[in-house]
Peer 1: 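Let me give you the structure first, and then I'll get to my questions.
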Protein chains: 2
Amino acid sequence: MKARTDTKEKIIELGTALIKSIGYPSLSYQQISSQLGIKNAAIHYHYPSKEDLGCDIVSNEIARFEKFISSVSGLGPLEKLEVFLGSYRVHLEDGNKICLIGAGASDFLELPKSMQLVYTEYLFLLKNWFIDLLETGRKAGVFHFKGEPVNKASVMISALAGALQHARLIGNDHYDAVAAQLKEDLKA
Amino acid sequence: MKARTDTKEKIIELGTALIKSIGYPSLSYQQISSQLGIKNAAIHYHYPSKEDLGCDIVSNEIARFEKFISSVSGLGPLEKLEVFLGSYRVHLEDGNKICLIGAGASDFLELPKSMQLVYTEYLFLLKNWFIDLLETGRKAGVFHFKGEPVNKASVMISALAGALQHARLIGNDHYDAVAAQLKEDLKA
DNA sequence: TTGTTTACTTACTTATAAGTAAGTAATTTT
DNA sequence: AAAATTACTTACTTATAAGTAAGTAAACAA
(Lines give C-alpha, C1' and ligand atoms only; values in the text may rest on other atoms or scores of the structure.)
Protein backbone atom coordinates (compact mmCIF):
# COMPACT_ATOMS: atom_id res chain seq x y z
CA MET A 1 0.00 0.00 0.00
CA LYS A 2 2.26 2.78 -1.30
CA ALA A 3 -0.17 4.74 -3.40
CA ARG A 4 -3.85 5.56 -3.20
CA THR A 5 -4.54 5.43 0.51
CA ASP A 6 -7.17 7.14 2.61
CA THR A 7 -4.71 7.87 5.41
CA LYS A 8 -4.97 11.62 4.97
CA GLU A 9 -8.76 11.52 5.33
CA LYS A 10 -8.44 9.34 8.43
CA ILE A 11 -5.97 11.79 9.96
CA ILE A 12 -8.39 14.66 9.40
CA GLU A 13 -11.32 12.71 10.79
CA LEU A 14 -9.47 11.59 13.91
CA GLY A 15 -7.78 14.96 14.33
CA THR A 16 -11.16 16.69 14.24
CA ALA A 17 -12.53 14.33 16.88
CA LEU A 18 -9.48 14.88 19.08
CA ILE A 19 -9.66 18.67 18.88
CA LYS A 20 -13.34 18.50 19.84
CA SER A 21 -12.40 16.26 22.76
CA ILE A 22 -9.15 17.60 24.17
CA GLY A 23 -8.34 20.72 22.15
CA TYR A 24 -5.62 21.65 19.69
CA PRO A 25 -2.76 22.23 22.18
CA SER A 26 -3.29 18.79 23.77
CA LEU A 27 -3.55 17.08 20.40
CA SER A 28 -0.40 15.13 19.62
CA TYR A 29 0.86 13.32 16.55
CA GLN A 30 1.43 10.36 18.88
CA GLN A 31 -2.28 9.93 19.60
CA ILE A 32 -3.22 10.08 15.95
CA SER A 33 -0.49 7.73 14.75
CA SER A 34 -1.06 5.11 17.45
CA GLN A 35 -4.82 5.02 16.86
CA LEU A 36 -4.37 4.75 13.10
CA GLY A 37 -1.59 2.16 13.36
CA ILE A 38 0.94 4.33 11.56
CA LYS A 39 4.07 6.24 12.59
CA ASN A 40 4.41 9.88 13.57
CA ALA A 41 6.41 10.65 10.44
CA ALA A 42 3.51 9.43 8.30
CA ILE A 43 1.48 12.36 9.59
CA HIS A 44 4.34 14.74 8.92
CA TYR A 45 4.36 13.43 5.35
CA HIS A 46 0.77 14.58 4.83
CA TYR A 47 1.02 17.57 7.18
CA PRO A 48 4.59 18.86 7.61
CA SER A 49 3.62 20.93 10.63
CA LYS A 50 0.87 20.72 13.23
CA GLU A 51 -0.28 24.12 12.02
CA ASP A 52 -0.92 22.68 8.55
CA LEU A 53 -3.00 19.93 10.07
CA GLY A 54 -4.93 22.33 12.27
CA CYS A 55 -5.79 24.62 9.35
CA ASP A 56 -6.96 21.74 7.20
CA ILE A 57 -9.16 20.40 10.00
CA VAL A 58 -10.96 23.73 10.33
CA SER A 59 -11.18 24.24 6.56
CA ASN A 60 -12.64 20.77 6.22
CA GLU A 61 -15.27 21.57 8.84
CA ILE A 62 -16.16 24.76 6.96
CA ALA A 63 -16.66 22.70 3.81
CA ARG A 64 -18.90 20.30 5.73
CA PHE A 65 -20.96 23.19 7.07
CA GLU A 66 -21.34 24.61 3.57
CA LYS A 67 -22.68 21.25 2.46
CA PHE A 68 -25.08 21.35 5.40
CA ILE A 69 -26.30 24.78 4.31
CA SER A 70 -27.05 23.50 0.81
CA SER A 71 -28.70 20.35 2.07
CA VAL A 72 -31.24 22.24 4.19
CA SER A 73 -31.76 25.11 1.80
CA GLY A 74 -35.14 23.72 0.73
CA LEU A 75 -36.52 23.46 4.26
CA GLY A 76 -38.57 25.96 6.23
CA PRO A 77 -37.01 28.03 9.07
CA LEU A 78 -38.35 25.81 11.85
CA GLU A 79 -37.15 22.65 10.18
CA LYS A 80 -33.75 24.17 9.48
CA LEU A 81 -33.40 25.03 13.15
CA GLU A 82 -34.45 21.53 14.20
CA VAL A 83 -31.92 19.88 11.90
CA PHE A 84 -29.18 22.18 13.12
CA LEU A 85 -29.99 21.53 16.77
CA GLY A 86 -30.01 17.81 16.15
CA SER A 87 -26.67 17.78 14.38
CA TYR A 88 -25.23 19.88 17.15
CA ARG A 89 -26.52 17.58 19.88
CA VAL A 90 -24.64 14.62 18.40
CA HIS A 91 -21.48 15.97 20.05
CA LEU A 92 -22.86 15.06 23.48
CA GLU A 93 -23.38 11.38 22.77
CA ASP A 94 -20.06 11.12 20.96
CA GLY A 95 -17.79 11.23 23.99
CA ASN A 96 -18.92 14.59 25.33
CA LYS A 97 -17.30 16.55 22.57
CA ILE A 98 -17.74 20.26 22.10
CA CYS A 99 -18.18 22.06 18.81
CA LEU A 100 -15.05 22.89 16.83
CA ILE A 101 -15.56 26.63 17.09
CA GLY A 102 -15.93 26.42 20.86
CA ALA A 103 -12.78 24.35 21.08
CA GLY A 104 -10.90 26.77 18.86
CA ALA A 105 -12.20 29.81 20.70
CA SER A 106 -11.04 28.64 24.11
CA ASP A 107 -7.58 27.85 22.76
CA PHE A 108 -7.57 30.88 20.47
CA LEU A 109 -4.64 32.70 22.08
CA GLU A 110 -2.47 29.60 21.67
CA LEU A 111 -3.26 29.13 17.99
CA PRO A 112 -1.07 30.22 15.07
CA LYS A 113 -2.40 33.22 13.13
CA SER A 114 -3.31 31.07 10.14
CA MET A 115 -5.67 28.97 12.27
CA GLN A 116 -7.16 32.01 13.94
CA LEU A 117 -8.09 33.40 10.54
CA VAL A 118 -9.84 30.23 9.40
CA TYR A 119 -11.72 29.97 12.70
CA THR A 120 -12.90 33.57 12.34
CA GLU A 121 -14.10 32.86 8.83
CA TYR A 122 -15.97 29.81 10.10
CA LEU A 123 -17.74 31.67 12.90
CA PHE A 124 -18.78 34.49 10.55
CA LEU A 125 -20.24 31.91 8.19
CA LEU A 126 -22.20 30.24 10.98
CA LYS A 127 -23.39 33.51 12.46
CA ASN A 128 -24.55 34.83 9.09
CA TRP A 129 -26.45 31.66 8.36
CA PHE A 130 -28.19 32.02 11.71
CA ILE A 131 -28.98 35.70 11.17
CA ASP A 132 -30.56 34.87 7.83
CA LEU A 133 -32.50 32.01 9.39
CA LEU A 134 -33.97 34.24 12.09
CA GLU A 135 -34.71 37.10 9.70
CA THR A 136 -36.46 34.84 7.20
CA GLY A 137 -38.31 33.03 9.99
CA ARG A 138 -39.59 36.24 11.49
CA LYS A 139 -40.78 37.59 8.13
CA ALA A 140 -42.61 34.30 7.59
CA GLY A 141 -44.27 34.64 10.99
CA VAL A 142 -42.64 31.45 12.26
CA PHE A 143 -40.22 33.03 14.73
CA HIS A 144 -40.94 35.81 17.20
CA PHE A 145 -38.32 37.78 19.09
CA LYS A 146 -37.38 41.28 20.16
CA GLY A 147 -34.55 43.30 18.65
CA GLU A 148 -32.32 42.72 15.68
CA PRO A 149 -31.80 39.26 14.16
CA VAL A 150 -28.04 39.72 14.54
CA ASN A 151 -28.35 40.08 18.31
CA LYS A 152 -30.72 37.16 18.71
CA ALA A 153 -28.45 35.05 16.50
CA SER A 154 -25.50 36.01 18.68
CA VAL A 155 -27.32 34.81 21.78
CA MET A 156 -28.34 31.53 20.20
CA ILE A 157 -24.99 30.45 18.78
CA SER A 158 -23.15 31.41 21.95
CA ALA A 159 -25.72 29.69 24.15
CA LEU A 160 -25.48 26.45 22.17
CA ALA A 161 -21.68 26.45 22.14
CA GLY A 162 -21.57 27.21 25.84
CA ALA A 163 -24.20 24.61 26.62
CA LEU A 164 -22.16 21.81 25.06
CA GLN A 165 -19.29 22.81 27.31
CA HIS A 166 -21.31 23.21 30.49
CA ALA A 167 -22.95 19.85 29.86
CA ARG A 168 -19.58 18.21 30.52
CA LEU A 169 -19.67 19.51 34.09
CA ILE A 170 -23.30 19.15 35.07
CA GLY A 171 -24.78 16.64 32.62
CA ASN A 172 -26.35 16.52 29.17
CA ASP A 173 -29.73 17.68 30.48
CA HIS A 174 -28.23 21.13 30.61
CA TYR A 175 -27.84 21.24 26.83
CA ASP A 176 -31.36 19.96 26.28
CA ALA A 177 -32.71 22.62 28.62
CA VAL A 178 -30.89 25.33 26.68
CA ALA A 179 -32.07 24.04 23.30
CA ALA A 180 -35.67 23.75 24.53
CA GLN A 181 -35.69 27.23 26.06
CA LEU A 182 -34.21 28.79 22.92
CA LYS A 183 -36.98 27.23 20.82
CA GLU A 184 -39.63 28.23 23.35
CA ASP A 185 -38.38 31.82 23.28
CA LEU A 186 -38.93 31.95 19.51
CA LYS A 187 -42.64 31.14 19.81
CA ALA A 188 -45.35 33.77 19.71
CA MET B 1 13.02 36.80 52.23
CA LYS B 2 12.70 33.36 53.77
CA ALA B 3 9.49 33.69 55.72
CA ARG B 4 6.24 35.63 55.32
CA THR B 5 6.01 36.12 51.60
CA ASP B 6 3.01 36.61 49.34
CA THR B 7 4.48 34.37 46.64
CA LYS B 8 1.70 31.80 47.01
CA GLU B 9 -0.97 34.44 46.44
CA LYS B 10 0.91 35.75 43.41
CA ILE B 11 1.11 32.24 41.98
CA ILE B 12 -2.65 31.82 42.35
CA GLU B 13 -3.37 35.20 40.83
CA LEU B 14 -1.09 34.69 37.83
CA GLY B 15 -2.14 31.06 37.45
CA THR B 16 -5.79 32.11 37.31
CA ALA B 17 -5.04 34.71 34.65
CA LEU B 18 -3.07 32.18 32.62
CA ILE B 19 -5.80 29.54 32.72
CA LYS B 20 -8.32 32.15 31.57
CA SER B 21 -5.94 33.09 28.75
CA ILE B 22 -4.42 29.85 27.50
CA GLY B 23 -6.07 27.05 29.47
CA TYR B 24 -4.84 24.59 32.08
CA PRO B 25 -3.03 22.17 29.72
CA SER B 26 -0.99 25.00 28.19
CA LEU B 27 -0.19 26.49 31.58
CA SER B 28 3.41 25.78 32.56
CA TYR B 29 5.42 26.32 35.73
CA GLN B 30 7.95 28.03 33.51
CA GLN B 31 5.58 30.86 32.58
CA ILE B 32 4.61 31.48 36.18
CA SER B 33 8.15 31.38 37.56
CA SER B 34 9.64 33.60 34.89
CA GLN B 35 6.95 36.25 35.26
CA LEU B 36 7.27 36.23 39.05
CA GLY B 37 11.05 36.21 38.99
CA ILE B 38 11.33 32.94 40.88
CA LYS B 39 12.38 29.38 40.00
CA ASN B 40 10.19 26.48 38.96
CA ALA B 41 10.95 24.63 42.18
CA ALA B 42 9.56 27.53 44.18
CA ILE B 43 6.14 26.77 42.73
CA HIS B 44 6.57 23.09 43.51
CA TYR B 45 7.30 24.11 47.09
CA HIS B 46 3.87 25.72 47.39
CA TYR B 47 2.11 23.33 45.00
CA PRO B 48 3.85 19.94 44.73
CA SER B 49 1.89 19.02 41.62
CA LYS B 50 0.17 20.99 38.88
CA GLU B 51 -3.07 19.31 39.96
CA ASP B 52 -2.71 20.87 43.44
CA LEU B 53 -2.27 24.28 41.85
CA GLY B 54 -5.22 23.77 39.50
CA CYS B 55 -7.56 22.76 42.33
CA ASP B 56 -6.54 25.71 44.46
CA ILE B 57 -7.09 28.13 41.59
CA VAL B 58 -10.66 26.92 41.07
CA SER B 59 -11.38 26.78 44.83
CA ASN B 60 -10.08 30.32 45.16
CA GLU B 61 -12.41 31.47 42.38
CA ILE B 62 -15.34 29.80 44.15
CA ALA B 63 -14.47 31.70 47.31
CA ARG B 64 -14.34 34.93 45.32
CA PHE B 65 -17.76 34.22 43.80
CA GLU B 66 -19.19 33.52 47.25
CA LYS B 67 -17.93 36.90 48.37
CA PHE B 68 -19.59 38.41 45.28
CA ILE B 69 -22.89 36.76 46.23
CA SER B 70 -22.73 38.28 49.71
CA SER B 71 -21.71 41.68 48.42
CA VAL B 72 -24.73 41.99 46.13
CA SER B 73 -27.24 40.30 48.42
CA GLY B 74 -28.81 43.64 49.35
CA LEU B 75 -29.41 44.69 45.74
CA GLY B 76 -32.52 44.22 43.60
CA PRO B 77 -32.64 41.60 40.80
CA LEU B 78 -31.94 44.05 37.99
CA GLU B 79 -28.99 45.61 39.80
CA LYS B 80 -27.61 42.18 40.64
CA LEU B 81 -27.73 41.24 36.98
CA GLU B 82 -26.05 44.48 35.95
CA VAL B 83 -23.21 44.02 38.43
CA PHE B 84 -22.72 40.42 37.31
CA LEU B 85 -22.66 41.37 33.63
CA GLY B 86 -20.18 44.13 34.34
CA SER B 87 -17.82 41.91 36.30
CA TYR B 88 -18.04 39.34 33.55
CA ARG B 89 -17.27 41.82 30.83
CA VAL B 90 -13.97 42.73 32.46
CA HIS B 91 -12.51 39.55 30.95
CA LEU B 92 -12.69 41.08 27.49
CA GLU B 93 -10.60 44.15 28.27
CA ASP B 94 -8.11 42.11 30.25
CA GLY B 95 -6.34 40.41 27.35
CA ASN B 96 -9.39 38.69 25.88
CA LYS B 97 -9.70 36.23 28.69
CA ILE B 98 -12.60 33.81 29.03
CA CYS B 99 -14.34 32.87 32.25
CA LEU B 100 -12.72 30.20 34.39
CA ILE B 101 -15.64 27.79 34.02
CA GLY B 102 -15.56 28.10 30.25
CA ALA B 103 -11.82 27.48 30.23
CA GLY B 104 -12.25 24.46 32.50
CA ALA B 105 -15.17 23.10 30.52
CA SER B 106 -13.34 23.10 27.21
CA ASP B 107 -10.35 21.34 28.77
CA PHE B 108 -12.54 19.17 30.99
CA LEU B 109 -11.56 15.80 29.50
CA GLU B 110 -7.88 16.58 30.10
CA LEU B 111 -8.33 17.54 33.75
CA PRO B 112 -7.64 15.32 36.75
CA LYS B 113 -10.76 14.07 38.58
CA SER B 114 -10.12 16.34 41.54
CA MET B 115 -10.27 19.43 39.32
CA GLN B 116 -13.36 18.20 37.50
CA LEU B 117 -15.17 17.89 40.82
CA VAL B 118 -14.34 21.44 41.94
CA TYR B 119 -15.35 22.82 38.55
CA THR B 120 -18.70 21.01 38.75
CA GLU B 121 -19.28 22.43 42.22
CA TYR B 122 -18.48 25.93 40.90
CA LEU B 123 -20.89 25.70 37.98
CA PHE B 124 -23.71 24.39 40.20
CA LEU B 125 -23.12 27.33 42.55
CA LEU B 126 -23.26 29.83 39.67
CA LYS B 127 -26.28 28.23 38.06
CA ASN B 128 -28.22 28.11 41.33
CA TRP B 129 -27.47 31.76 42.03
CA PHE B 130 -28.79 32.61 38.57
CA ILE B 131 -31.92 30.48 38.99
CA ASP B 132 -32.69 32.23 42.26
CA LEU B 133 -32.06 35.61 40.65
CA LEU B 134 -34.51 34.93 37.82
CA GLU B 135 -37.14 33.40 40.09
CA THR B 136 -37.00 36.30 42.54
CA GLY B 137 -36.94 38.82 39.71
CA ARG B 138 -40.00 37.33 38.07
CA LYS B 139 -41.97 37.24 41.31
CA ALA B 140 -41.07 40.88 41.83
CA GLY B 141 -42.32 41.69 38.33
CA VAL B 142 -38.90 42.88 37.21
CA PHE B 143 -38.09 40.01 34.87
CA HIS B 144 -40.38 38.44 32.30
CA PHE B 145 -39.73 35.16 30.52
CA LYS B 146 -41.40 31.94 29.42
CA GLY B 147 -40.76 28.57 31.01
CA GLU B 148 -38.92 27.55 34.15
CA PRO B 149 -36.25 29.74 35.75
CA VAL B 150 -33.82 26.82 35.58
CA ASN B 151 -34.06 26.70 31.80
CA LYS B 152 -33.77 30.44 31.32
CA ALA B 153 -30.81 30.48 33.70
CA SER B 154 -29.19 27.71 31.66
CA VAL B 155 -29.52 29.75 28.50
CA MET B 156 -28.13 32.88 30.08
CA ILE B 157 -25.02 31.43 31.71
CA SER B 158 -24.14 29.39 28.62
CA ALA B 159 -24.73 32.36 26.33
CA LEU B 160 -22.45 34.59 28.38
CA ALA B 161 -19.69 32.00 28.64
CA GLY B 162 -19.93 31.28 24.92
CA ALA B 163 -20.03 34.98 24.05
CA LEU B 164 -16.71 35.67 25.79
CA GLN B 165 -15.17 32.91 23.67
CA HIS B 166 -16.76 33.93 20.38
CA ALA B 167 -15.69 37.52 21.00
CA ARG B 168 -12.09 36.40 20.57
CA LEU B 169 -12.84 35.43 16.98
CA ILE B 170 -15.19 38.17 15.81
CA GLY B 171 -14.67 41.04 18.23
CA ASN B 172 -15.93 42.29 21.58
CA ASP B 173 -19.10 43.72 20.07
CA HIS B 174 -20.37 40.17 19.94
CA TYR B 175 -20.35 39.91 23.73
CA ASP B 176 -22.08 43.26 24.12
CA ALA B 177 -24.74 42.19 21.64
CA VAL B 178 -25.38 39.00 23.63
CA ALA B 179 -25.53 40.82 26.97
CA ALA B 180 -27.89 43.47 25.53
CA GLN B 181 -30.20 40.92 23.93
CA LEU B 182 -30.38 38.83 27.11
CA LYS B 183 -31.43 41.91 29.08
CA GLU B 184 -33.90 42.93 26.38
CA ASP B 185 -35.45 39.47 26.46
CA LEU B 186 -36.14 39.81 30.19
CA LYS B 187 -38.28 42.94 29.70
CA ALA B 188 -42.06 42.90 29.62
C1' DT C 1 11.81 -2.49 -18.02
C1' DT C 2 13.56 1.35 -16.23
C1' DG C 3 12.74 5.60 -13.71
C1' DT C 4 9.95 8.36 -10.95
C1' DT C 5 6.54 9.36 -7.71
C1' DT C 6 3.74 8.04 -3.62
C1' DA C 7 3.35 6.73 0.90
C1' DC C 8 5.30 5.59 4.06
C1' DT C 9 9.21 3.64 8.25
C1' DT C 10 13.46 4.01 10.99
C1' DA C 11 16.27 6.65 13.57
C1' DC C 12 17.39 10.81 15.19
C1' DT C 13 17.45 15.87 17.16
C1' DT C 14 15.95 19.58 19.97
C1' DA C 15 12.89 21.66 23.11
C1' DT C 16 10.04 21.79 26.90
C1' DA C 17 7.27 19.74 30.38
C1' DA C 18 6.48 18.07 35.38
C1' DG C 19 8.67 16.63 39.18
C1' DT C 20 12.50 15.62 42.83
C1' DA C 21 16.58 15.65 45.96
C1' DA C 22 19.77 18.18 48.28
C1' DG C 23 21.51 22.40 49.77
C1' DT C 24 21.04 27.31 51.86
C1' DA C 25 19.92 31.58 54.15
C1' DA C 26 16.75 34.12 56.77
C1' DT C 27 13.37 33.94 60.26
C1' DT C 28 11.02 32.17 64.16
C1' DT C 29 10.66 29.35 68.22
C1' DT C 30 12.61 27.42 72.40
C1' DA D 1 22.28 31.25 71.66
C1' DA D 2 20.81 26.95 69.61
C1' DA D 3 17.40 24.42 67.07
C1' DA D 4 13.86 24.14 63.97
C1' DT D 5 11.02 25.84 60.35
C1' DT D 6 10.09 28.61 56.12
C1' DA D 7 10.93 29.76 51.61
C1' DC D 8 13.29 29.22 48.60
C1' DT D 9 17.69 27.82 44.68
C1' DT D 10 20.67 24.61 42.15
C1' DA D 11 21.04 20.69 39.68
C1' DC D 12 19.09 16.85 38.06
C1' DT D 13 15.78 13.07 35.97
C1' DT D 14 12.28 11.32 33.03
C1' DA D 15 8.81 11.84 29.68
C1' DT D 16 6.85 13.61 25.74
C1' DA D 17 6.43 16.95 22.17
C1' DA D 18 7.25 18.60 17.15
C1' DG D 19 10.04 18.08 13.51
C1' DT D 20 13.71 16.12 10.12
C1' DA D 21 16.85 13.27 7.19
C1' DA D 22 17.54 9.19 4.99
C1' DG D 23 16.00 4.90 3.50
C1' DT D 24 12.38 1.61 1.27
C1' DA D 25 8.75 -0.83 -1.13
C1' DA D 26 4.90 -0.61 -4.04
C1' DA D 27 2.57 1.57 -7.88
C1' DC D 28 2.56 4.08 -11.97
C1' DA D 29 4.45 6.41 -16.25
C1' DA D 30 7.76 6.46 -20.02
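In what follows, chains carry the letters A, B, and so on, assigned in the order in which the sequence lines appear, proteins first and then strands, with residues in each chain numbered from 1.
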Peer 1: If you compare every side-chain N and O of B:Lys39 against the phosphate oxygens of D:dC8 (OP1, OP2), does one of them come in below 4.0 Å?
Peer 2: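 For D:dC8, OP1/OP2 do not have a side-chain N/O of B:Lys39 under 4.0 Å.
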Peer 1: Heavy atoms from C-beta onward define the side chain here; which of D:dC8, D:dA17, D:dA21 lies closest to that of A:Gln30?
Peer 2: D:dA17
Peer 1: Anything under 30° is parallel, anything over 60° is perpendicular, the rest tilted; go ahead and classify A:Trp129 against A:Phe65.
Peer 2: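 If you compare the ring of A:Trp129 with that of A:Phe65, the planes turn out perpendicular.
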Peer 1: Starting from P on D:dT24, measure out to CD1 on A:Ile38 and report it in whole angstrom.
Peer 2: 21 Å
Peer 1: Between C:dG19, D:dA21, C:dA21, which nucleotide gets closest to the side-chain atoms of B:Lys50?
Peer 2: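 So the nucleotide nearest the side chain must be C:dG19.
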Peer 1: Is A:Tyr29 touching bases, backbone alone, or none of the nucleic acid, heavy atoms closer than 4.0 Å?
Peer 2: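 Sugar-phosphate contact only - A:Tyr29 comes under 4.0 Å of backbone atoms but never of a base.
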Peer 1: Using the ring of B:Tyr47 (Phe, Tyr or Trp, six-membered ring only), decide whether B:Lys8 places NZ or CZ under 6.0 Å from its centre and within 45 degrees of its axis.
Peer 2: yes
Peer 1: Grab the CG-P distance between A:Asp6 and C:dA7 for me, whole Å please.
Peer 2: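 In whole Å, C:dA7 P and A:Asp6 CG are 11 Å from each other.
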Peer 1: Distance check needed: D:dT5 C1' versus B:His46 NE2, whole Å only.
Peer 2: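 From B:His46 NE2 to D:dT5 C1': 14 Å.
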Peer 1: Rounding to an integer number of Å, can you tell me how far B:Ile32 CD1 sits from D:dC8 P?
Peer 2: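 Nearest whole value for this atom pair: 14 Å.
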Peer 1: Check whether any side-chain N or O of B:Ser28 sits under 4.0 Å from OP1 or OP2 of C:dA17, and answer yes or no.
Peer 2: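 Affirmative; the distance criterion is met.
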Peer 1: Base, sugar-phosphate or nothing for A:Ile43? Non-hydrogen atoms, less than 4.0 Å.
Peer 2: nothing
Peer 1: Just to confirm, is there a sub-4.0 Å distance from OP1 or OP2 of D:dC8 to any side-chain nitrogen or oxygen of B:His44?
Peer 2: no
Peer 1: According to the interplanar angle, ranging from 0 to 90°, do the rings of B:His91 and B:Tyr88 count as parallel (below 30°), tilted (30 to 60°) or perpendicular (above 60°)?
Peer 2: perpendicular
Peer 1: Ignoring hydrogens and angles, state whether a donor on the side chain of A:His166 or B:Lys127 is under 3.5 Å from an acceptor on the partner side chain.
Peer 2: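 Not at all, the side chains of A:His166 and B:Lys127 share no donor-acceptor pair under 3.5 Å.
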Peer 1: Look at A:Tyr45 and C:dC8 and indicate whether a side-chain polar atom (N or O) is within less than 4.0 Å of OP1 or OP2.
Peer 2: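 No, outside the criterion.
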Peer 1: Contact class for B:Leu53 vs. all strands (heavy atom < 4.0 Å): base, sugar-phosphate, or nothing?
Peer 2: nothing
Peer 1: Respond yes when some side-chain nitrogen or oxygen of A:Ser49 is under 4.0 Å from OP1 or OP2 of D:dA18, and no when none is.
Peer 2: no
Peer 1: Return no unless some side-chain N or O of A:Thr5 is found under 4.0 Å from OP1 or OP2 of C:dC8.
Peer 2: yes
Peer 1: Given 3.5 Å as the limit, does a donor-acceptor pair link the side chain of B:Asp185 with the main chain of B:Leu182, or not?
Peer 2: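 Absent.
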Peer 1: Measure from NZ on A:Lys10 to P on C:dA7 and round the result to the nearest Å.
Peer 2: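 After rounding, the reported distance stands at 14 Å.
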Peer 1: In whole angstroms, how far is the P atom of D:dA7 from the OH atom of B:Tyr47?
Peer 2: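 It works out to 12 Å between those atoms.
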Peer 1: Rounded to the nearest angstrom, tell me the gap between atom CG in A:Leu27 and atom C1' in D:dT16.
Peer 2: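 After rounding, the reported distance stands at 14 Å.
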